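Just so you know, these numbers come straight off a predicted model, no measurement behind them.
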Amino acid sequence: MQNPNGTILQLYHAGRLAAALRAFESLPSSSPASAAAAPAPLTAATYAALVSACSRLRSLPQGRRVHRHLVASSSSSPDAQLAGNTVLGNHLITMYGRCAAPDSARQVFDEMPARNPVSWASVIAAHVQNGRAGDALGLFSSMLRSGTAADQFALGSAVRACTELGDVGTGRQVHAHALKSERGSDLIVQNALVTMYSKNGLVDDGFMLFERIKDKDLISWGSIIAGFAQQGFEMEALQVFREMIVEGSHHPNEFHFGSAFRACGAVGSWEYGEQIHGLSIKYRLDRDLYVGCSLSDMYARCKNLDSARVAFYRIEAPDLVSWNSIVNAYSVEGLLSEALVLFSEMRDSGLRPDGITVRGLLCACVGRDALYHGRMIHSYLVKLGLDGDVSVCNSLLSMYARCSDLSSAMDVFHEIKDQDVVTWNSILTACAQHNHPEEVLKLFSLLNKSEPSLDRISLNNVLSASAELGYFEMVKQVHAYTFKAGLVDDRMLSNTLIDTYAKCGSLDDAMRLFEIMGNNRDVFSWSSLIVGYAQFGYAKEALDLFSRMRSLGIRPNHVTFIGVLTACSRVGFVNEGCYYYSIMEPEYGIVPTREHCSCIVDLLARAGKLTEAANFIDQMPFEPDIIMWKTLLAASKMHNDMEMGKRAAEGILNIDPSHSAAYVLLCNIYAASGNWNEFARLKKAMRTSGVKKSPGKSWVKLKGELKVFIVEDRSHPESEEIYAMLELIGMEMIKAGYVPKHSWKHAIVDHIDSDLFNEEMLAEYGFSSVRYTQDENLISCRKSPPLSLSPCPSIVNETGVGGRREQQQPDGWIRRVTLLIDELTCGA
């Protein structure tokens, strides 16, 4: 090549950047093979053109070769000291910044013998562009300390660094410096400031600054529209977009349309979206990748998946982000089959799915019917090597939980190496939703040992399980942990603690925490405590709390009234309960729900007003559920009303023919009234229909281990000793004056099949799993510290053992049983 400088410059100015670089590489000394040869003589203008070409093409390898050639030719070039040329140095800094090599940019900057404001602006911009916002602000401070005046580019980059860091305080200081240096009116600085204020939640400041810009450009409009859309001011974003169109000075580009479509999707306004869609067609941007993806997402958010799919297919060359967006749109709506079809099309297009793709598909797998597809996706993600991605594994775990395969969810959980708080929350939620509170507590013990950072979701799941099991000690542990984790002032968690304390019967602790909350209390705090008092029969305390709540001007919600009506029901305040029910809608706008109606049925039925309760059920605006009929059935048994009990049982069986409780309670009614023929007929119907009474279950924590028992459980290694102890306890109870309920049981033998009595009646009306658990407690006392025992309510009523609120100390027959155990185990 006779004149390389002329050739390269001619190609560069003609826009043939790649050709200019190929011409450079054809020079003998530009390739690694001829590195020892003398470099071809190039001028500073030629090097500047080559570096600029590498910068525009984002070609880092070619940029490094040009840089090496420049350094090598510096000493032999007639244009002396090319390597120390400030202009070339500035070009190199810019090139390295655009090619994602900020460290190389900094090295060039540090080696420059002389720097000018452009040098500083270039190196600051290089760091901002590559996520080094903190370093960029450090360089900006160094520039000011060196006495170099910051130009509009350096100021703009410094403001962008503050935007990335969310550091509005430093941003205001840069803003003040710009005003002081008379650069505050420069468009580059103003646009950067509008973006900073609007993206960091100060939309009003950003909009005020935007209105002061005299000559707005596309970036000005785009900054404020995007700021409004991102901060939840969607209608304001659409209004500014409309003003831009009406003004007519600038045509919107793909970014303006993207922000407008985002705003339409957020408010669910497909009408506005369709109009803007038509405008994008007018400007021939509807096939643009960014616009098309935003448009498709807007229609999906507006639940118009057909239009979303049409918009997606109009994109000329959809990328992985676009495919993920449309696949996720169908997945969110639970349309698994359609999502899988799109997934197949994406693979056929040659794109490789990533973790976002797989997580979207897993989101669509809900229910047992989707388990097969979920397993297929699981196999595929293992093939892709995504099984090491924690976020993907968390989605996989949640998928198995939604598909009711808790065993597989547990397997996935144990296989995750780097478990994070989301992992723990997912498995704890899964166990809680599938009614495995024991597993929740076991996992919580492991969670404490591994010591990841627990959040309110983890603790709420543990509290839910503790309430389910009545596990008071665990509630205290969680409460203590809230102090350690700095969550003691978390209102939602405090409300859950109040509710759990109340459900565990520790009303004093619930009230203590309620009072500690002070002004942080909300309606949920009041409602939790009112419901707690009501459920344990403290009607006066519950109603006093309700009066106190109303006097403070706190409006009750539907849960509050459930507590109030329950309190009235527990103590027979029929008139008061009916009054509170009557004022719900007129005074507070709370439409009674099924739960409120169930409370009224319970209120009337407990008071013996069975006819009024039945009439109330008939007059309800919706069909009664099983709970209402069970309430009426239980009251019919209590008041020995066979006809009403029969009607209630029929109501239950019409809803659920296999509901065992209806059969059992109706059997009790027939037996109590001596109607043995109906009793035997119903028992026979139960056997014919295959209906079986669900066995009772109870649990106890011994030596740090939670043990679960069911009726007639003989799987325990010490079952023989437990049943022997049961007989001893029974004798001691009788000596203490306890008379078992259903004394009519012995009369049944003369009227029904004896086999039925032996096999079923003993299990249904005889020993309970609670007594089995108590025996395990007593036997375990031989080798463990004394236990706090709470006698069951029926024993308390018969023998007078225990107090009203807390029965913590053994008394009566329990004291004698304890002495008996000491005698039996003195040699152990």
Side-chain angles (χ1 to χ4, degrees), residues 1 3-15 17 20-32 34-130 136 139-140 142-143 146-154 157:
M1 187 183 300
N3 184 11
N5 291 294
T7 302
I8 291 172
L9 288 172
Q10 184 178 9
L11 292 171
Y12 173 78
H13 290 301
L17 306 181
L21 291 173
R22 285 195 297 271
F24 165 73
E25 290 175 350
S26 67
L27 297 176
S29 60
S30 63
S31 62
S34 56
L42 295 177
T43 63
T46 304
Y47 281 118
L50 289 170
V51 173
S52 178
C54 296
S55 177
R56 292 167 64 181
L57 293 175
R58 306 293 195 272
S59 178
L60 181 61
Q62 290 177 310
R64 291 194 186 281
R65 285 198 290 272
V66 172
H67 189 185
R68 286 195 297 267
H69 192 279
L70 169 61
V71 173
S73 64
S74 176
S75 58
S76 60
S77 174
D79 196 351
Q81 298 299 320
L82 283 175
N85 187 297
T86 301
V87 174
L88 285 179
N90 294 342
H91 278 290
L92 285 168
I93 293 171
T94 301
M95 182 271 295
Y96 280 125
R98 290 183 177 177
C99 293
D103 291 332
S104 297
R106 180 62 184 268
Q107 183 179 354
V108 172
F109 175 80
D110 290 339
E111 293 174 354
M112 291 177 68
R115 306 172 186 133
N116 59 18
V118 177
S119 310
W120 286 99
S122 299
V123 74
I124 293 170
H127 283 75
V128 174
Q129 291 165 0
N130 292 281
L139 285 165
F140 181 74
S142 299
M143 179 184 68
S146 71
T148 305
D151 62 10
Q152 67 269 34
F153 301 104
S157 294

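- Every side chain to side chain donor-acceptor pair (under 3.5 Å) that Q107 has, sequence neighbours left out, goes to E111.
- Under the side-chain contact (heavy atoms from CB on, under 4.5 Å) criterion, S142 pairs with W120, R145, sequence neighbours left out.
- Checking side-chain atoms of N130 against main-chain N and O of G97 turns up a donor-acceptor pair under 3.5 Å.
- Side-chain contact between L21 and L57 is present, with heavy atoms from C-beta onward closer than 4.5 Å.
- The side-chain contact (heavy atoms from CB on, under 4.5 Å) check on Q152 picks up R183, D186, I188, V189, with sequence neighbours excluded.
- Qualifying side chain to side chain donor-acceptor pair (under 3.5 Å) partners for Q62, counting only residues two or more places apart in sequence or in other chains: E25, S59.
- The side-chain contact (heavy atoms from CB on, under 4.5 Å) search around S119 returns T86, N90, F109, M112, R115, N116, not counting sequence neighbours.
- A donor-acceptor pair under 3.5 Å is absent between the side-chain atoms of S157 and the main chain of A154, judged by distance alone.
- R106 pairs by the salt bridge (charged side-chain N to carboxylate O under 4.0 Å, His left out) definition with D110, not counting sequence neighbours.
- The two atoms that bring A105 and V123 nearest to each other are O-CG2, 4.3 Å, heavy atoms only.
- Residues I8 and L50 are in side-chain contact: their nearest non-hydrogen atoms beyond the backbone lie under 4.5 Å apart.
- A distance of 9.0 Å separates OH of Y47 from CG of L88, quoted to the nearest 0.5 Å.
- Using modelled atom types, no side-chain atom of S52 and backbone atom of A48 make a donor-acceptor pair closer than 3.5 Å.
- Identified under the ring-ring contact (aromatic ring centres under 6.0 Å, His included) test for residues 86-106, with sequence neighbours left out: H67-Y96.
- The two residues T94 and S122 make their nearest non-hydrogen contact at OG1-OG, 3.6 Å.
- For the residue pair A126 and P102, the shortest heavy atom distance occurs at O-CB, 4.1 Å.
- Counted within 6.0 Å of CD on Q129, heavy atoms from surrounding residues, nucleotides or ligands total more than 12; the atom is thus considered enclosed.
- Taking the ring-ring contact (aromatic ring centres under 6.0 Å, His included) definition, one finds that F153 meets it with nothing, sequence neighbours left out.
- Nearest heavy-atom pair across F140 and A150 is CE1-CB, 3.9 Å.
- In terms of the side-chain contact (heavy atoms from CB on, under 4.5 Å) criterion, residue partners of A136 (sequence neighbours excluded) are, by chain and number, I124, H127, V128, A161.
- With sequence neighbours left out, T46 forms a side chain to side chain donor-acceptor pair (under 3.5 Å) with N5, T43.
- A search for side chain to side chain donor-acceptor pair (under 3.5 Å) contacts involving R22 returns nothing, not counting sequence neighbours.
- Put simply, the side chain of S55 never gets that close to the backbone of V51: no donor and acceptor are under 3.5 Å apart.
- Under the 4.5 Å side-chain criterion, counting only non-hydrogen atoms from C-beta, L42 is in contact with L27.
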